[in-house]
Q: 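Quick one: the structure is below, and I'll ask about it shortly.
Basis for what follows: all heavy atoms, side chains included, without hydrogens, waters or symmetry-related copies.
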Amino acid sequence: MHRLLLATNNKGKVAEIKALLDGAGLTLLTPAEIGLTLEIQEDGLTYAENASKKAVAFSQASGMVAMSDDSGLEVDALEGLPGLHSHRFSPKPEATDADRRKYLLEKLQGMRRPWTAHFQATVAVALPSGEVKLATGQCVGEIIPEEFGTNGFGYDPIFFIPELGLTMAELEMDEKNRLSHRAGAVKNALPILKEIFEK
Ligand code: ITT
């Protein structure tokens, strides 16, 4: 089987991507499983730049085809913030997902609801040659002031999907994987993976 390195240190992303690529005929490996520790500085100006930087770094360090995900939550009332800064949004050092959610809700205090928002994801697939291919996905919803659900990660407990009447954290992983931004991006990356591994 062909091997694909998942170029991420986020356990929530790994679980989702492993389920999304189940049945794709690939052996999926994490950096920890191959003993690789890399901290990439995400200083790009776009999701595409950061995703490419992560995928290329992991591919070059391992000699394997590597797939990264750069994603973020864009809240309309905050003009797209936290966006690219979704992971580093809270000023607290060593901030947790709970700290990030709390900080976002503080920023939205007093602003008129609904707090419409969307998640963005860009997946990059890098080859050891340095070549990179990209795919994107999006998921629309709204931020709510109270947390519901314990599944998922990050902003999921306060990301409400009006059509379902549930937050992302109330969905089982297979449901999240039917509609999420990451699911869309990974699905759009399937033809890229197919082309690379069928060469
Ligand atoms: P890697 O760079 O190692 O992949 P990361 O967590 O730093 O992990 P990003 O730089 O792409 O990943 O940051 C994206 C942040 O956006 C993530 O940490 C969450 O806070 C948030 N986020 C992204 N996708 C999400 C999802 O599906 N549900 C909830 N929050 C999400």
Q: Of all heavy-atom pairs between Pro162 and Phe160, which one has the smallest distance, and what is that distance?
A: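 Between these two residues, the closest heavy atoms are CD-O, 3.4 Å.
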Q: Quick one: does Pro128's side chain get under 4.5 Å of Met64's, heavy atoms only?
A: no
Q: Of the non-hydrogen atoms in Ile196 and Val125, which two are nearest, and what is the gap between them?
A: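 Minimum heavy-atom separation between Ile196 and Val125: CD1-CG1, 3.5 Å.
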Q: Would Ser71 and Asp69 count as having a side-chain donor-acceptor pair, cut-off 3.5 Å?
A: yes
Q: So with a 6.0 Å cut-off around CZ of Arg113, is the heavy-atom count from everything else above 12?
A: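 Above 12, so yes.
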Q: Can you find a heavy atom in the side chain of Thr167 that is under 4.5 Å from one in the side chain of Phe159?
A: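 No, too far: nothing below the 4.5 Å cut-off.
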Q: Can you give me the closest heavy-atom contact between Lys54 and Ala7, atom names plus distance?
A: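 Heavy atoms only, the tightest pair is O-CB, 4.0 Å.
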Q: Testing the basics here: between Leu134 and Ser52, what is the closest heavy-atom pair and its distance to 0.1 Å?
A: CD2-OG, 3.7 Å
Q: Might you point out which heavy atoms bring Ala126 and Ser59 nearest each other, and give the distance in Å?
A: O-OG, 3.6 Å
Q: Considering only NZ, NE, NH1 and NH2 on the basic side and carboxylate oxygens on the acidic side, decide whether Lys18 and Glu16 come within less than 4.0 Å.
A: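 Glu16 and Lys18: not salt-bridged.
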Q: Are any of the side-chain heavy atoms of Leu164 and Leu171 separated by less than 4.5 Å?
A: yes
Q: Run His181 and Gln138 through side chain to side chain donor-acceptor pair (under 3.5 Å) and show every step you take.
A: CA-CA 4 Å; His181 49 308; Gln138 201 193 52; over 6 Å; no
Q: If we count only N and O atoms by modelled type, under 3.5 Å, do the side chains of Thr116 and Asp76 hold a donor and an acceptor together?
A: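 Thr116 vs Asp76: donor-acceptor pair found between side chains.
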Q: Could Lys53 and Glu39 be called an ion pair, given the rule that one side-chain N must be under 4.0 Å from one carboxylate O?
A: no
Q: Answer yes or no: is there an ion pair linking Lys102 with Asp99, defined by an N-O contact shorter than 4.0 Å?
A: no
Q: Without swapping roles, check the side chain of His2 against the backbone of Phe197 for a donor-acceptor pair under 3.5 Å.
A: yes
Q: Which pair of non-hydrogen atoms, one from Leu29 and one from Glu33, has the smallest distance, and what is that distance?
A: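 In terms of heavy atoms, the two residues are closest at CA-OE1, 3.3 Å.
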Q: Take atom CD of Glu106 as the centre, draw a 6.0 Å sphere, and report whether it contains more than 12 heavy atoms from other residues, nucleotides or ligands.
A: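 Yes.
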Q: Going by heavy atoms in the side chains, are Ser180 and Phe119 under 4.5 Å from each other?
A: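 They are not in contact (no side-chain heavy atoms under 4.5 Å apart), so the answer is no.
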Q: Please walk me through it: do Leu26 and Met1 pass side chain to side chain contact (heavy atoms under 4.5 Å, CB included)?
A: CA-CA 6 Å; Leu26 300 171; Met1 280 227 270; 5.8 Å; no
